[in-house]
Number of protein chains: 2
Amino acid sequence: MARAEEYEDRRRELLEAVFRITAERGLDEVSIRTVAAEAGVSVAKVQYYFRTKDELLLAGFEHVMQLLETRQQRLDYSGPMRQVLRDCLLVWLPIDAERIASTRVFLAFAVRALHSPQLAEIEVKLEEEVVSSLAALIARGQELGQIRAGVDPEQQAQLLLAVLDGLTLQMLLNPEVMTVRRGTAAVDAYLDALCSS
Amino acid sequence: MARAEEYEDRRRELLEAVFRITAERGLDEVSIRTVAAEAGVSVAKVQYYFRTKDELLLAGFEHVMQLLETRQQRLDYSGPMRQVLRDCLLVWLPIDAERIASTRVFLAFAVRALHSPQLAEIEVKLEEEVVSSLAALIARGQELGQIRAGVDPEQQAQLLLAVLDGLTLQMLLNPEVMTVRRGTAAVDAYLDALCSS
DNA sequence: ACTCGTACCATACAGTCGTACTGTACAGGT
DNA sequence: ACCTGTACAGTACGACTGTATGGTACGAGT
């Protein structure tokens, strides 16, 4: 069905425009018109693919989520658990231009989700997925004797995600203080504590 | 000078309206008109005290910051360092209605600061203050032998703040998963690691 | 050949936005 | 008594917002 594929491609192009605007100028610069201009299309085309702005934003959030998930799935899962876990965590840290953009967009949507049940639903769903996949990695590491046995995988995964969110916020807000080096060092320290006896 | 005091009072009333709207409906629901309506005054009155919307938002951010600082200064600094540090950290965690509101507002402004140099400036300034005061507490705890000597106070303070930010975000976004109990437990665990040899 | 759905475009509408302008009530100084 | 500055109120302006509408080009089906 080349029809359906093309349809999805057009939608994705528009969602990428949403992504770029959000990353560069913030979520409240996203309007039907700015998205149309960014994508180089007419207002009506945006409306054709997304009936309302809410629908556009919903899809925009899901687009970022999917991007982050994809990045997580593309990792090399063959090495030692500590390495795998580290790579997995680094997906969320703003350590290069690509990740700076995606974490900015994520944060913008997450904060808006505080007042939008629909966005919150998406956020919660993704978080559950990430937590459970991290927990699975931790549990697997425990089986292999590479990770301390005493901790609850699920709870530890949640905590890791929280630490990650915090580091992300600090790195974005104050990159001169919370540098890439310090951020990754913090993650490594956390992993040290998790892996050592 | 009762004149100047009244002037500041009026300004504060408007800033509290900004605070309430931001906490309940989000920062992008803040407009001159919604603030005027929330405060029960005319649009022109808001304009009289804040020439532009930017000025209003700037002052609004400073207002939250001041609120948080005040709350931190009102603490009881006489007990053991661990207790003091804990209270200090809990100022930032959304563990009751008051703190939920202030952390929501803080996050909203912080994310907007990603695209506003003026807001970012305020954020960075506050963060430096908080970090240095936390670092002072840690250093004092080290002198008293209540906190492990091996760590760098400044760096540890930054990390603590990051963890706090992350926990805050999680608790606000997903309160059913990251409960008050778990959030405070995470802080306590962190303090345990900091205090034990 | 005709029709129909898809994929758009240009434009219009009502509402809201930040901001500016004009007017006024009133307290205090001279 | 007169003037001036403060502290507002009411309203208007242009820009921008999300959304709706009407029109059109075109490939596919019958």
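By convention in this document, chain letters (A, B, ...) are assigned in the order of the sequence lines, proteins followed by strands, and residues within each chain are numbered from 1.
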For the pair A:F106 and A:F61, name the ring-plane relationship: parallel under 30°, tilted 30 to 60°, perpendicular over 60°.
tilted

Under a 4.0 Å threshold between the charged nitrogen and the carboxylate oxygen, would B:R181 count as salt-bridged to B:D188?
no

From CZ of B:R51 over to P of C:dG18, roughly how many Å is that when rounded to an integer?
17 Å

Salt bridge or not between A:E6 and A:R10? Use side-chain N to carboxylate O under 4.0 Å.
yes

Quick one: do B:K125 and B:E128 make a salt bridge, cutoff under 4.0 Å?
no

In whole angstrom, give the distance that lies between atom CG of B:L56 and atom P of C:dC17.
13 Å

May I ask you to verify if any side-chain N or O of B:Y49 is less than 4.0 angstrom from the OP1 or OP2 atom of D:dC8?
yes

Measure from the side-chain heavy atoms of B:Q47 and tell me the nearest of C:dA20, C:dA10, D:dC8.
C:dA20

Between P of C:dT6 and CZ of A:R10, the distance in whole Å
16 Å

Within this structure, what is the OH-to-P distance between A:Y48 and C:dG5, rounded to whole angstrom?
12 Å

Between P on D:dA7 and CD on B:E13, what's the gap in Å once rounded to a whole number?
14 Å

Gap between atoms CD and P, on A:E6 and D:dC26 respectively (whole Å):
16 Å

Protein heavy-atom contacts under 4.0 Å, written 5' to 3' over nucleotides 12-18 of chain D as B (base), S (sugar-phosphate only) or - (none), form the string -----BB

Geometric class of the A:H63/A:F19 ring pair [parallel <30°, tilted 30-60°, perpendicular >60°]
perpendicular

With rounding to the nearest 0.5 angstrom, report the CZ to SG distance, A:R71 to A:C88.
13.0 Å

Measure CD/A:E55 against P/D:dA20 and give the value in whole Å, please.
12 Å

Measure CD1/B:I21 against C1'/C:dC17 and give the value in whole Å, please.
14 Å

